[in-house]
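Structure first, commentary second.
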Amino acid sequence: MSLLARLNPPQQNAVTTTAGPILVLAGPGSGKTRVLTHRIAYLIRDMGVEPWHIVAVTFTNKAADVMRERTEALLGMTGSLSGLMLGTFHRICARLLRMEAERIGLNPRYVIFDSDDQLDVIKQALRDLNIDEKRNPPRAVHAAISRAKNELITPDRYPIATYGDEITARVYERYQRLLGVSSALDFDDLLVRTVFMLRDHDEIRDRYQRRFEYVLVDEFQDTNTAQYELVRLMAGHHRNVFVVGDEDQSIYRFRGADFRNVERFRQDYPDARVILLEQNYRSTQTILDAANAVIARNRHRTAKQLFTDRGTGARITLYQAYDEHDEGNFIIDEINRLKASGQAKPGECALMYRTNAQSRALEEAFVRRGMPYRLVGATRFYSRKEVKDVLAYLRLVQNPDDDVSLRRIINTPPRRIGNTSIDRLGGWAAGLGVSVYQALRLLGGDAPPELAKTAGAHPFTKATVAPLLAFYELLQNWIEVRNTLTPAQLIDRILEESGYREWLRDGTEEAEDRWQNVQELRTVAGAYDEMEIGLALDAFLEEVALVSDTDDLQAGSDVPTLLTLHAAKGLEYPVVFIAGLEEGLLPHSRSTEDPDGMEEERRLFYVGVTRAADRLYLLHTFRRGNWGRSDFAEPSRFLADLPRELTGGSTPARQAHRAMTTWGSEERRPTARPAYGSSLRFSPGQQVVHPVFGKGTVITSKLVGGDEEVSVAFSGKGVKRLLASIANLKAV
């Protein structure tokens with residue numbers, strides 16, 4: 001059977017055009033992996049090319065394995081690709097460097113340092129240069145060095161415009177020297193050293209350029225400068241370079257990806273053939289028309305018009321929830337409706353969002369409603385390190401004898417309390433039969449007289465006592481005020497006085513994401529502001545402990561998937577919900593003043609839309625919790641790009657939900673809700689019953705936008721803010 005039989009005309013063209021540079025711009029769901037595998041098989045079977053004359057580059061090991069398996073299946077035999085160099089950029093570079101190490105003065109037994117190793121070396125370089133880590137956070141310095149390597153900038157060529165740049169240049173030079181002493185390379189070095197090897201060693205370059213008759217590159221829009229230069233060097237002799245990509249799906253700028261490499265390719269290869277893959281095999285035409293309308297607003301792209309033979313399909317559902325809790329409930333209601341009507345299984349549904357912090361309210365909704373789920377591409381909200389750190393501080397303030405929490409944060413952020421001191425402190429406490437906190441009290445001279453009499457001398461030197469006492473003093477200060485501050489205020493004080501805020505926010509984008517998670521935790525704590533302060537901390541930590549205990553809900557395959565939009569790239573689902581389509585979330589606030597960043601945010605939305613095969617739901621809220629407040633939310637500007645004829649799609653669940661909340665997409669304004677006038681139906685101290693949360697006590701009641709907002713403390717559920725018009729509260 002012909003290799004071309006199941007390919008459409010543009011795909012056949014991409015497979016059989018074998019001479020010269022070729023740029024394939026492949027829309028989402030257009031079968032680019034099929035084209036790549038069929039092209040390799042075509043070169044080997046129909047063109048008689050030996051596998052070892054082909055190099056194919058992908059971005060993940062999984063993608064490389066899939067390509068190898070599918071190509072071998074096309075050729076009809078396992079092992080038929082012997083000699084083919086197929087893998088990620090880093091894997092191929094590591095292989096080339098091993099083979100040529102002695103010729104370029106590299107130890108052939110070099111080690112590759114992982115992310116933690118690299119950070120340790122950065123810290124060592126800072127210490128060697130007597131540079132303050134607090135003023136120059138190691139992660140931020142490492143990120144700057146990594147960006148320089150991606151641009152092929154060596155330490156001696158590092159551009160210096162500020163004092164911070166001068167510091168980075170010095171650390172960069174020392175960092176590389178330390179790597180050399182260890183015969184080690186970091187991930188970026190694998191690319192950089194290979195590029196320099198091919199640039200600077202004529203014999204090596206000529207040998208590989210003659211060997212690599214055909215160079216194929218997947219996800220070309222995600223390449224950085226070093227990767228682009230590597231491709232150009234490998235294909236320098238035969239010029240049979242075949243790159244597949246899509247500017248519209250370039251969403252990894254924070255990793256150094258540069259979609260402009262597509263345009264650079266056109267400039268470096270003016271004779272390149274450009275082939276568009278526009279037929280989509282995944283989505284309905286309604287979803288594709290929406291995607292086309294959204295991405296058309298971007299300037300730096302090649303125009304494509306996605307189409308499909310799958311038919312029009314259902315209209316896109318727009319839904320405005322009142323807040324993030326209503327948002328989660330609507331999604332669960334709709335998943336249940338689709339399941340009950342036989343239109344989709346829960347495992348065919350995916351819920352996507354811009355930031356990891358958004359998963360908190362959504363996960364809580366799933367737990368509260370008893371619906372299992374699976375989280376992809378991220379740690380569960382309450383399992384994230386920064387969240388667990390802050391909770392450990394709070395638990396320790398609530399219960400100073402909590403040794404687990406104390407050990408977690410006693411040196412986080414670093415306080416010159418090493419593992420040896422911590423172990424010695426724990427051993428001393430165990431010998432006395434008391435908690436570590438009680439041992440600290442003893443060290444600080446505050447222990448009960450009976451303990452002080454029997455304790456004897458402590459086992460610490462003056463150098464180790466000082467930081468231990470400094471931590472003890474911090475902890476004592478927080479314990480003294482715990483019954484005078486709300487949980488949110490206590491978090492603020494701890495973050496400031498512990499140095500955790502400054503330590504966490506080291507200037508990198510990843511650090512800002514971690515900081516958003518801490519802000520989200522504070523938002524949760526803010527719900528307890530109006531509860532009696534003496535009880536609020538206990539109630540908050542109790543609810544968090546119950547909500548975070550969701551390990552048993554992760555099992556099973558027929559469950560909805562929760563994931564970020566970045567993690568969704570390359571995946572597809574019959575039903576997709578995109579939550580949080582609001583200004584500041586998507587597009588993200590970091591991109592407001594950055595035209596290139598705003599275009600990438602639009603591409604991120606485009607990627608999310610095109611993950612959907614059959615049904616697409618786009619959600620935003622009227623109000624959203626933000627740093628302990630509930631602020632009005634503005635719908636994302638991207639929603640305005642959707643043609644009205646594509647949206648609507650009312651469903652029974654949606655109609656019922658709207659009848660109760662009247663927050664459907666058509667209203668999209670607060671005046672649509674029924675008003676209760678100026679009278680209040682509930683008062684502080686009143687006992688009420690909620691259909692989900694059970695019995696509770698009214699804490700406060702006030703008018704908000706013509707409706708009555710009631711704060712109720714529910715036993716075992718914490719404090720909930722509810723609107724009287726929709727909460728179905730009943731007085732006991």
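The residues of the chain are indexed from 1 along the displayed sequence.
- Gln516 contributes atom CD, which lies 10.5 Å from atom CD of Glu386 (distance to the nearest 0.5 angstrom).
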Next on the checklist: Let's go through Tyr319 and Tyr617 carefully: what are the C-alpha distance in whole Å and the side-chain angles of both, what is the deciding distance for ring-ring contact (aromatic ring centres under 6.0 Å, His included) to 0.1 Å, and is it a yes or a no?
Outcome noted: CA-CA 7 Å; Tyr319 182 75; Tyr617 296 81; 9.4 Å; no
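- Checked for salt-bridge contact, Glu219 and Lys569 meet the test: a charged N lies under 4.0 Å from a carboxylate O.
- Ion pairing between Asp246 and Arg301 fails under the 4.0 Å rule for side-chain N and carboxylate O.
- With hydrogens and angles left out, the side-chain atoms of Ser636 and Arg354 include no donor and acceptor closer than 3.5 Å.
- With sequence neighbours excluded, the residues forming a side chain to side chain contact (heavy atoms under 4.5 Å, CB included) with Ala361 are Glu324, listed by chain and number.
- The distance from atom CG of Leu585 to atom CD of Glu634, rounded to the nearest 0.5 Å, is 12.0 Å.
- Under 4.0 Å is where a charged nitrogen must lie from a carboxylate oxygen, and between Glu510 and Arg514 no such pair does.
- The side-chain tip of Arg603 points at the ring of Phe259 from less than 6.0 angstrom away and within 45° of straight on.
- Classification of Arg624 and Asp323 as a salt-bridged pair fails, no side-chain N sitting under 4.0 Å from a carboxylate O.
- Distance check: Leu84 CG to Thr71 OG1 gives 7.5 Å after rounding to the nearest 0.5 Å.
- Using a cut-off of 4.0 Å between Lys/Arg side-chain N and Asp/Glu carboxylate O, Arg266 and Glu263 are scored as salt-bridged.
- Using a cut-off of 4.0 Å between Lys/Arg side-chain N and Asp/Glu carboxylate O, Arg253 and Asp594 are scored as salt-bridged.
- With respect to Glu278 and Lys304, no salt bridge is recorded, no charged nitrogen being found less than 4.0 Å from a carboxylate O.
- A salt bridge links Asp641 with Arg297: the distance from a Lys NZ or Arg NE/NH1/NH2 to an Asp or Glu carboxylate oxygen falls below 4.0 Å.
- Defined by atom type and a distance below 3.5 Å, a donor-acceptor pair is present between the side-chain atoms of Gln343 and Arg615.
- Using a 4.0 Å cut-off between charged side-chain N and carboxylate O, Arg602 and Asp248 make no salt bridge.
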Item to check | Trace of the ring-ring contact (aromatic ring centres under 6.0 Å, His included) decision for Phe622 with Phe632 | outcome: CA-CA 6 Å; Phe622 172 61; Phe632 291 105; 5.0 Å; yes
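- Scanning for ring pair (Phe, Tyr, Trp, His ring centres under 6.0 Å) contacts around Tyr42 gives an empty result, with sequence neighbours left out.
- Salt bridge absent: Arg374 and Asp558 never bring a charged side-chain N and a carboxylate O closer than 4.0 Å.
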